[in-house]
Amino acid sequence: MRTIEHWIGGTSTAGTSTRTAPIWNPATGEQRAQVLLAAPADVDSAVRSGLEAFDEWSQVSLSRRSTVLFAFRELVNANAEELAGLITDEHGKVLSDARGEVQRGLEVIEFACGIPHLLKGDYSDQVSTNIDTFSFREPLGVVAGITPFNFPAMVPMWMYPIAIACGNTFVLKPSERDPSPSLLVADLWQRAGLPDGVFNVVQGDKEAVDALLDHPDIAAVSFVGSTPIARYIHQRGSASGKRVQALGGAKNHAIVLPDADVDYSSEHLAAAAFGSAGERCMAISVAVAVGAAADPIVAAVTARANAVKVGAGRAPGSEMGPVITPASRTRIVDLIGTGEQQGGVLMTDGRGLVVPGHEGGFFVGPTVIDHVRTEMDVYRQEIFGPVLSVLRVDTVDDAIALVNANPYGNGTAIFTSSGEAARRFQRGVHVGMIGINVPVPVPMSYYSFGGWKDSLFGDKHVHGGEGVSFYTRAKVVTARWPHVEHPADASFHFPTSS
Ligand code: NAD
């Protein structure tokens, strides 16, 4: 059995712990490897490696840093196919989807290549007589990223390119379910000329996470994962004095108005609900049909759900792969059952799906549940599977109120041909990322990504300008270069300008 190790100080290492977790091939149900689960001593050695590297890396010129970033960008691009293959083999998502994930991560690296521009400070000449003021931003130190299984390449790339470009060193704790892409990335960083110790990978579970949260030499933590863990990370990390951004789960609603084009809306709804088997924090899991939109949209989206090509991620033509683990499959299947018991109408039911030749795979077929109500479990829980719940309301304002009553606020979308309704929606919803006829509105890297309410704890979103701000802190300098012949004119009152 292959054992997946840590990457500390520029080399692969087994560390001290012998605890392991299985890595599945979700398409076959077979175990393909095991991953080591770090002990606190392993976390400590990664942090120490980062601390030693920080002294040098934080002093490296902006030109040199951006040169390394450009080289890394070229290497990720050149190895995108290998990276996508690793994602598909451990996560299960189809290859085209994995390629898209790498592409969106690459865009953050490209953003970080512009770090000399992004770190420009302000300068004010003559704020007082013969006095100038200027500001600049400095890195924090060793920062950590703790990431979920569903985007094993992209979500870490939301973090480390910017953190490292800003002059920090990084300890990544990837998901223990699909850890291999992070090790390929570590190798690419080294080949790009990044000094050893600037980027470290510690494999692990709660034990490693807690050791990072409590470590006195970790300055900041970026987390992406489920809401209960995000809340915990924010509280424990903040309590030990760290800067924390913790992105949580989601229940993304798409509103469909009667004036929306039915073909367009149903195609996009199905892709947003069933793409990546619904294992996206920006997946649409709830369709809110307004008035007369309901019957046609339910019929069209059900027809599209029934036509989705479900298969192994590497099989040509597959549109949707398996879910991540047997436990995840069981949970999704059980939730569909509660949806039916609690009064939902199953328009199509993916529970019994078997993919020929992959009978052991963790497959659940696309499922559409109509007439869902807000008190039902399928509405209240984040299913994180290929299940679309449909709620019916009378007006666009009812739909907006429904979105706002939900505890999550990650993404939401509206399908309409009315600019007035779209504008009312974009201004009225309490949600961080909004799509207008765009169901998965993931912002480009030069904007920031983040939700509201239970979808984000902390005050900074990831990447874009907020990412640069999260990984740096400001200095403001007030400077005078006195003429020797001038009187000192010092005074004992509080400094005011003259
Ligand atoms: P998860 O919360 O189970 O795990 C995320 C990370 O936390 C992993 O690295 C894991 O090892 C660690 N972890 C798990 N349990 C822990 C515990 N008890 N104590 C400390 N650390 C722990 O999430 P997941 O199942 O890997 O990913 C799916 C979730 O992530 C979904 O809820 C999804 O919505 C969310 N997600 C959110 C975003 C976003 O941008 N808001 C993006 C992607 C995924």
Side-chain angles (χ1 to χ4, degrees), residues 19 21 23 26 35-38 40 43 90-93 101 104-105 108 144-159 171-179 181-182 201-214 221-237 244-252 276-285 323-325 327-329 331-332 381-385 406-412 431-433 440-443 448-458 460-464 466-467:
R19 287 194 310 124
I23 303 301
V35 63
L36 288 166
L37 301 174
V43 170
E90 291 185 356
H91 175 284
K93 66 176 73 175
E101 156 171 7
R104 295 307 301 264
V108 184
I146 301 163
T147 53
F149 81 82
N150 67 320
F151 284 105
M154 181 187 76
V155 166
M157 284 179 188
W158 286 352
M159 304 170 181
V171 178
L172 173 64
K173 206 302 285 172
S175 170
E176 63 275 40
R177 298 177 196 161
D178 42 19
S182 297
V201 181
V202 174
Q203 313 289 2
D205 58 3
K206 178 173 170 52
E207 200 172 324
V209 171
D210 288 349
L212 285 168
L213 293 175
D214 297 342
V221 174
S222 299
F223 172 87
V224 176
S226 61
T227 287
I229 310 299
R231 187 183 277 117
Y232 165 79
I233 299 278
H234 185 251
Q235 287 172 354
R236 187 157 173 168
V244 183
Q245 55 180 182
L247 282 69
K251 195 80 182 172
N252 304 314
S276 201
E279 292 174 323
R280 291 179 183 149
C281 67
M282 290 293 276
I284 291 294
S285 52
V323 298
I324 184 77
T325 55
S328 175
R329 184 182 184 284
R331 192 178 155 274
I332 296 163
Q381 294 193 30
E382 182 185 24
I383 302 175
F384 226 55
N406 193 277
Y408 296 106
N410 211 41
T412 185
V431 175
M433 294 169 285
V440 185
V442 176
S448 297
F449 181 110
W452 286 17
K453 303 193 286 184
D454 284 358
S455 295
L456 186 137
F457 302 88
K460 291 280 183 229
H461 292 192
V462 290
H463 65 65
E466 295 205 18

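Heavy-atom basis, side chains included; hydrogens, waters and symmetry copies ignored. Order of appearance sets the numbers: ligands from 1, and atoms from 1 within every ligand.
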Compare every heavy atom of [Y] with every heavy atom of [X], then report the nearest pair and how far apart it is.
{"X": "Gly249", "Y": "Ser455", "answer": "O-OG, 2.7 Å"}
{"X": "Ile332", "Y": "Phe384", "answer": "CD1-O, 3.7 Å"}
{"X": "Asn150", "Y": "Lys93", "answer": "O-NZ, 2.9 Å"}

For ligand 1, which of its N or O atoms have a protein N or O partner closer than 3.5 Å, and how long is each gap?
| from | atom 1 | to | atom 2 | distance (Å) |
| --- | --- | --- | --- | --- |
| ligand 1 | 2 (O) | Ser226 | N | 2.9 |
| ligand 1 | 2 (O) | Ser226 | OG | 2.7 |
| ligand 1 | 9 (O) | Thr147 | O | 2.8 |
| ligand 1 | 9 (O) | Lys173 | NZ | 2.9 |
| ligand 1 | 11 (O) | Lys173 | NZ | 2.7 |
| ligand 1 | 11 (O) | Glu176 | OE1 | 2.7 |
| ligand 1 | 11 (O) | Glu176 | OE2 | 3.4 |
| ligand 1 | 25 (O) | Arg177 | NH1 | 3.4 |
| ligand 1 | 26 (O) | Phe149 | N | 3.0 |
| ligand 1 | 30 (O) | Gly225 | O | 3.3 |
| ligand 1 | 32 (O) | Glu382 | OE1 | 2.6 |
| ligand 1 | 32 (O) | Glu382 | OE2 | 3.4 |
| ligand 1 | 34 (O) | Glu382 | OE2 | 2.6 |
| ligand 1 | 41 (N) | Gly248 | O | 2.7 |

Would you give the length of the straight line joining atom CD of Glu279 to atom CZ of Phe149, rounded to the nearest 0.5 angstrom?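 Output value for this atom pair is 4.0 Å.
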Phe449 and its side chain to side chain contact (heavy atoms under 4.5 Å, CB included) partner, picked from Arg104, Glu466, Met282: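 The passing option is Met282.
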State plainly whether the residues Lys173 and Asp205 are in salt-bridge range, i.e. N to O under 4.0 Å.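 No, this pair does not count.
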